[in-house]
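For reference, the structure is listed below as structure tokens.
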Amino acid sequence: MLRAIRWLSLSLLGVVVIAWGVLWLGVHRPAGPAGRLVAFLTGQTPRAAAQGVGVGGVALGGPFTLVNSQSRTVTDRSFRGRWMLVYFGYTSCPDVCPTELQTIVAALDRIGPAAAGRIAPLFITVDPARDTPAVLGRYTALFGPQLIGLTGSAAQIGGVEHAFRVYHAEVTQDGGNNYLVNHSSFMYLVGPQGRFDALYPPGLTATALADRLRRQMDTNG
Ligand code: NI
């Protein structure tokens, strides 16, 4: 009986390690035979795996068309040559968004002006009905002048949410305009050529985010 339990827990541990390994390799995309193995395991084409367009076989990122706080149309191409650090949220968010935006601004301070200048920090709203360009502009200015707020039509926001696999759901409290929006809270790092590069979980400290950004930019150019 004890032996059976030991074997069971060992094999469970094995499954966890393998799953974690495949996810890690999917994000860090090694070249050569290892890359082809990851492509095989995750179901990506070798080319997609080599370009690092996803995590665990799910493609992340891609083209988008949105509207900035000056009401000008911007696309993913507007940011080519810079890294994009993308975060989704909304300006009436009571807790998570303000925390994460503060973390982003503090992390950019930490990596210094030269490196920070190569990153476009994008705050894309999941609540375009209330987050007009003007509202977004006033909100992002509270955190720092470098933060770029983006909104758009419902279709444009839906498109970029789909590209980044962002989840959001409105939670109506009193049936009026006073609703909360539950939303996923990952940060996405996209490389200067527009390819997805890294996914960061919510709740990182500014120091941890700064370290990861530096490492990613050093490794991938
Ligand atoms: Ni939020």
Side-chain angles (χ1 to χ4, degrees), residues 20 22-31 35 38 42 44 47-66 68 74-89 96-97 99-126 140 143-144 146-150 157 159-168 183-221:
W20 182 85
V22 168
L23 189 64
W24 188 90
L25 288 166
V27 174
H28 294 84
R29 59 169 193 287
V38 172
T42 60
Q44 290 180 331
R47 189 159 167 269
Q51 290 184 338
V53 291
V55 173
V58 179
L60 286 173
F64 59 76
T65 300
L66 294 167
N68 71 12
V74 297
T75 74
D76 54 301
R77 300 200 150 267
S78 313
F79 303 102
R80 287 291 189 277
R82 295 172 80 190
W83 296 76
M84 290 189 284
L85 182 60
V86 186
Y87 182 70
F88 291 82
V96 181
C97 291
T99 307
E100 297 299 314
L101 292 176
Q102 276 170 359
T103 301
I104 288 173
V105 170
L108 293 178
D109 276 349
R110 264 164 216 272
I111 62 174
R118 295 168 54 210
I119 300 179
L122 307 185
F123 178 56
I124 303 178
T125 185
V126 297
T140 54
F143 295 90
Q146 67 275 64
L147 204 56
I148 299 165
L150 297 175
I157 294 298
V160 71
E161 284 184 336
H162 181 74
F164 284 89
R165 299 297 188 269
V166 170
Y167 154 86
H168 95 254
H183 62 92
S184 52
S185 194
F186 287 98
M187 285 178 205
Y188 308 81
L189 186 65
V190 179
Q193 278 82 47
R195 281 182 229 129
F196 168 79
D197 197 71
L199 182 68
Y200 301 133
L204 289 180
T205 64
T207 310
L209 179 59
D211 287 347
R212 289 184 182 212
L213 290 173
R214 240 188 313 245
R215 207 180 318 142
Q216 228 40 46
M217 293 170 79
D218 286 348
T219 313
N220 297 335

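Count residues from 1 along the sequence.
- One finds the CG atom of L108 at 8.5 Å from the CG atom of L147 (value rounded to the nearest 0.5 Å).
- The backbone N or O of G203 lies less than 3.5 Å from a partner atom in the side chain of E100, making a donor-acceptor pair.
- Pairing each heavy atom of R110 with each of A210, the nearest pair is CB-CB, 3.8 Å.
- Put simply, the side chain of Y188 never gets that close to the backbone of G61: no donor and acceptor are under 3.5 Å apart.
- A donor-acceptor distance shorter than 3.5 angstrom exists from the side chain of R80 to the backbone of D76, with no hydrogens or angles considered.
- Nearest approach of L209 to I104, heavy atoms of both residues: CD2-CA, 4.0 Å.
- Considering every non-hydrogen atom in both I119 and I111, the closest pair reads CD1-CD1, 3.7 Å.
- Considering CZ of F79 and CG of L85, their distance stands at 12.0 Å, rounded to 0.5 Å.
- A salt bridge links D211 and R214; the closest N-O separation between the charged side-chain nitrogens and carboxylate oxygens is under 4.0 Å.
- Between T125 atom OG1 and E161 atom CD the span is 8.5 Å, to the nearest 0.5 Å.
- Between the side chain of S184 and the backbone N or O of V166, no donor-acceptor pair lies under 3.5 Å.
- In terms of heavy atoms, F143 sits closest to V105 at O-CG1, 3.6 Å.
- One distance of note links CH2 of W83 with CE of M217; it measures 6.5 Å at 0.5 Å rounding.
- In this structure, Y200 OH and Y87 OH are separated by 15.5 Å, a value rounded to the nearest 0.5 Å.
- Between atom CZ of residue R82 and atom CD1 of residue I148 there is a gap of 5.0 Å, rounded to the nearest 0.5 Å.
- When each of L150, I124, V160, L189 is checked for a side-chain contact (heavy atoms from CB on, under 4.5 Å) with V86, only I124 meets the rule.
- Nearest heavy atoms, C97 versus G89: SG-CA, 3.4 Å.
- Considering all non-hydrogen atoms of both residues, A163 and G62 come closest at CB-N, 4.5 Å.
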